[in-house]
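Note that the coordinates shown come from a computational prediction; the quantities given were computed from them, not determined experimentally. As the structure lists them, so they are numbered: ligands from 1, and atoms in each ligand from 1.
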Amino acid sequence: MLTAVDFHKCLQEYLDRFVDLVNRYDQTASHFEELQLIIDNFSGFVTDKENSKAWDQLKLDQSDVLACTAGQLRAISARCVAIMEKYRAVRLQQGHAEITEYFKNIEACIEKEFGSFQITSASKVLMVGSGSFPMTPLLIAKRTGAEVVGIDIDEEAIALGSNVVKQLGHGLNIRLENKHVEQLEHLKGLTHIIFSSTVEQKYDILDQLYPLTSDEAVVAMRYGDGLKSVFNYPLKPLDGRTWKIAEYVLRPDDVFDIALYQK
Ligand SMILES: C[S@@+](CC[C@H](N)C(=O)[O-])C[C@H]1O[C@@H](n2cnc3c(N)ncnc32)[C@H](O)[C@@H]1O
């Protein structure tokens, strides 16, 4: 197990490398390999059981310092994952279609996303934070035939994501929009809602959706607690008056876990 000093040094090194890579993003795919490597490496770091033990131990001794580092790493790694998706979308346009370890990990997670609340061809799914390479909408629509709407606050992500869907999702019922939830129509018809774990405002949006959705809607909230919180926004306790936890889908070998909510 890493010592406290080494563990901190490790987190700081990831932080510095992510900051550098964000600063070098120039809307081309020139730093794709470098970013892919560090994200794969970081995914391994946060899912390593020994590191997780080191985190829990350190948390007891230095929780303030750790919370500060976690907050910085979370914000910067979220930007890096979003950039990574942009690179992947650009590279697809250029004729490359490689899948990194990180994406394989995410795709494996998607299979188990809704636990016992399975998506069928009659389902209507909303994904908040669909990204520049909308794997979740693509996989769900492809495997189930459901209608999927993805929203993203980043206009460039919607433009790139729409090209990816055009290329890989021919004939699938997928729509991507640069809108906030309150601008969407037919929210009462939604059966399943998925939150990307790197959406900082996910719990505000969840609150907003409560009066706008039907009693049957199921929410898959992707999150990361403990060491995984350096790569994901964590779970937030709810007061029990609105959404209630229906199930946890814990994925020890994956970068995020999932909490399922119902009304
Ligand atoms: C890396 S990703 C996408 C997830 C991935 N494509 C998937 O299918 O699992 C996260 C996306 O969330 C978007 N995002 C961040 N905050 C958001 C918000 N408040 N509302 C909607 N999208 C948001 C980012 O712009 C980014 O494109």
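Within the cation-pi definition used here (under 6.0 Å to the ring centroid, within 45° of the axis), Lys263 qualifies as a partner of Tyr210. No cation-pi contact links Arg74 to Phe231, judged by a cut-off of 6.0 Å to the six-membered ring centre and 45° from its axis. Taking the ring centre of Phe195 as origin, the terminal cationic atom of Arg222 falls outside the region bounded by 6.0 Å and 45° from the ring axis.
Heavy-atom proximity to Thr136, at under 4.0 Å, picks out these atoms of ligand 1: 7 (C), 8 (O), 9 (O). Close contacts of ligand 1 with Val81, meaning ligand atoms under 4.0 Å from a residue heavy atom, involve 1 (C). Listed by number with element, the atoms of ligand 1 under 4.0 angstrom from any heavy atom of Phe133 are 6 (N). Interface atoms of ligand 1 facing Ser196, defined by a heavy-atom separation under 4.0 Å, are 2 (S), 3 (C), 4 (C), 10 (C). Of all atoms in ligand 1, listed by their number and element, those nearer than 4.0 Å to a heavy atom of Ile205 are 19 (N). Taking every heavy atom of Asp154 and a limit of under 4.0 angstrom, the matching atoms of ligand 1 come to 25 (O). If you number the atoms of ligand 1 from 1 as listed, the ones under 4.0 Å from a heavy atom of Gly131 come out as 3 (C), 27 (O).
In Glu155, the CD atom is not crowded: 12 or fewer heavy atoms of neighbouring residues, nucleotides or ligands sit closer than 6.0 Å.
Ring centroids of Phe18 and Phe42 are separated by less than 6.0 Å, placing the two rings close together. Under the 6.0 Å cut-off for aromatic ring centres, Tyr14 and Phe45 qualify, their centroids lying closer than that.
The residue from Ile158, Val164, Ile153 that puts a heavy atom closest to atom 21 (C) of ligand 1 is Ile153. Remark: among candidates Gly129, Ala82, Ser197, the nearest residue to atom 4 (C) of ligand 1 is Gly129, based on non-hydrogen atoms.
Under a 4.0 Å N-O distance rule, the pair Glu34/Arg17 does not qualify as a salt bridge. The pair Lys236-Asp207 does not meet the salt-bridge criterion, since no charged nitrogen lies less than 4.0 angstrom from a carboxylate oxygen.
Ser52 and Lys228 are not linked by any side-chain donor-acceptor pair at a separation below 3.5 angstrom, with hydrogens and angles left out of the test.
For ligand 1, the polar-atom distance check against Thr198 finds no nitrogen or oxygen pair separated by under 3.5 Å. Remark: ligand 1 and Gln201 share an N or O pair separated by less than 3.5 Å (distance only, no angle test). Checked by distance only, ligand 1 and Glu85 come closer than 3.5 Å through their nitrogen or oxygen atoms. At under 3.5 Å, a nitrogen or oxygen of Arg222, whether backbone or side chain, sits near a nitrogen or oxygen of ligand 1. Every N/O-N/O distance between Ser132 and ligand 1 stays at or above 3.5 Å.
Under 4.0 Å from ligand 1, not a single heavy atom of Ala78 appears.
Taking 4.0 Å as the cut-off, Met127 counts as a neighbour of ligand 1 on heavy-atom distance.
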Return a table of donor-acceptor pairs under 3.5 angstrom between the side chains of residues 160-174 and protein atoms on other chains or two or more places apart.
residue : atom : partner : partner atom : Å
Ser162  : OG   : Ile158  : O            : 2.7
Gln167  : NE2  : Leu92   : O            : 3.3

